[in-house]
Amino acid sequence: MASFHVRSISLPSGSHPLAVSVDKELSKLRTSQTSTSSSTALCHKLDGLRKLYECVDDLLQLNESQQHLSNENVEEVLNGSVKILEMCDISRDVLAQSKECLQDLESSLRRRRGDDNEVCHAYMTSRKNISKVVCKALKSLKKSETKRINYDQDSTIKMLKESEEISLAVFESLFSLISQSKNNNGWSSVSKLFKPKRVSCESLLRESEELNSSIQELEQNLECLYRRLVKTRVTLLNILNN
């Protein structure tokens with residue numbers, strides 16, 4: 001469970017429909033953070049973030065929204081967007097590495113060349129390297145000191161800051177899932193090669209392929225989210241420069 005605490009904001013009556021849409025997407029993401037994270041749940045959360053930033057981008061196009069944003073506000077949100085994009089980049093790299101070491105494992109198992117222990121050792125070494133990257137990212141997230149949201153601020157500013165907080169919370173959930181995945185069936189099956197009663201090659205291959213499929217789905221959702229985040233950042237830069 002992510003350690004970020006995201007509080008619901010209250011929209012004033014008569015709020016613009018786009019502001020209402022942003023609030024609805026935020027509400028969905030807040031609710032999703034209370035559930036146990038799985039790869040399927042994380043895919044839904046990442047897609048939820050994509051939808052959220054689509055609404056945010058539309059909201060930022062409004063003149064009335066831009067009028068409430070000072071340069072200081074925009075710069076603060078831009079700084080936050082750098083952190084979110086950084087976490088997105090790390091996530092994509094980690095998943096790519098995970099997929100690569102899984103594919104190497106599958107290839108070795110299909111060929112059935114070499115000692116099983118050697119195959120497993122090579123795989124677990126790759127996993128340890130990936131875990132180091134994930135742990136570093138988690139520490140970076142926990143050290144992040146986002147400014148406390150002032151709930152007396154304009155609703156547009158509050159929404160932007162809350163979007164940043166919920167984004168970091170989702171990435172923390174993703175990193176936590178990856179770092180703990182060694183305890184899940186997909187990853188732990190590999191370690192069974194060390195045990196006297198070994199899993200069958202076919203069984204291990206099947207579980208590895210299923211895990212690979214989950215990783216691909218996460219990658220696709222991350223790629224869509226990354227493109228949306230870049231577009232929103234461009235919108236913010238245009239607001240700052242105008």
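Since the structure is predicted, the reported quantities are computational estimates derived from the model, not experimental observations.
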Calculate, to the nearest 0.5 Å, the distance between atoms CD1 and OG belonging to I215 and S39 respectively.
9.0 Å
Report the C-alpha separation of Y226 and L46 in whole Å, then their side-chain angles, then the decisive distance to 0.1 Å, and conclude whether the side-chain contact (heavy atoms from CB on, under 4.5 Å) test is met.
CA-CA 10 Å; Y226 186 84; L46 292 169; over 6 Å; no
Correct closest heavy-atom pair for K45 and L29 would be O-CD2, 3.6 Å
Side chain to side chain contact (heavy atoms under 4.5 Å, CB included) filter on S65, not counting sequence neighbours, yields L59, L62, T156
Salt-bridge present (R92, E219; N to O < 4.0 Å):
no
When rounded to the nearest 0.5 angstrom, what distance separates CG in L42 from CG in L174?
5.0 Å
E25 versus Y53: any side-chain heavy-atom pair under 4.5 Å?
no
Using a distance-only test with no angle check, is there a side-chain donor-acceptor pair under 3.5 angstrom linking N73 and S70?
yes
Tell me, do N221 and L218 make a side-chain contact under 4.5 Å, heavy atoms counted?
no
Would you check if R228 and D57 make a side-chain contact, meaning some heavy-atom pair closer than 4.5 Å?
yes
Do R227 and R50 touch side chain to side chain, with heavy atoms closer than 4.5 Å?
no
Side chains of V56 and M159, heavy atoms from C-beta outward: is any pair under 4.5 Å?
no
From C224 SG over to D47 CG, what is the distance, rounded to the nearest 0.5 angstrom?
7.5 Å
Evaluate the criterion side-chain contact (heavy atoms from CB on, under 4.5 Å) for residue pair L52 and K28; output intermediate values, then yes/no.
CA-CA 10 Å; L52 168 63; K28 291 177 187 177; over 6 Å; no
Which is it for L237 and V74 under the side-chain contact (heavy atoms from CB on, under 4.5 Å) test, yes or no, and what are the steps along the way?
CA-CA 8 Å; L237 285 169; V74 177; over 6 Å; no
Find the distance between CD (Q216) and SG (C43) and round it off to the nearest 0.5 Å.
11.0 Å
Heavy-atom side-chain proximity of D58 to V22 below 4.5 angstrom
no
Interatomic spacing from CG in L225 to OG1 in T232 - rounded to 0.5 Å
9.0 Å
Please report the interatomic distance CD(E100) to CG(N212), rounded to the nearest 0.5 Å.
11.5 Å
Got I90 and E86 here, is their nearest side-chain heavy-atom distance under 4.5 Å?
yes
Hey, are the side chains of S81 and E164 touching, using non-hydrogen atoms and a 4.5 Å cut-off?
no
Quick one: does any side-chain atom of D23 pair with a main-chain N or O of A19 as donor and acceptor, under 3.5 Å?
no
Regarding K51 and E54, does a basic nitrogen lie under 4.0 Å from an acidic carboxylate oxygen?
no
Would you confirm whether S213, through its side chain, and E209, through its main-chain N or O, come within 3.5 Å as a donor-acceptor pair?
no
Return the minimal non-hydrogen interatomic distance between A137 and M87, and the atom names on each side.
O-SD, 4.4 Å
Pairing of E162 and K158 as salt bridge, 4.0 angstrom limit
no
Yes or no on side-chain contact (heavy atoms from CB on, under 4.5 Å) for L222 and C88, after CA distance, side-chain angles and deciding distance?
CA-CA 7 Å; L222 273 170; C88 200; 3.9 Å; yes
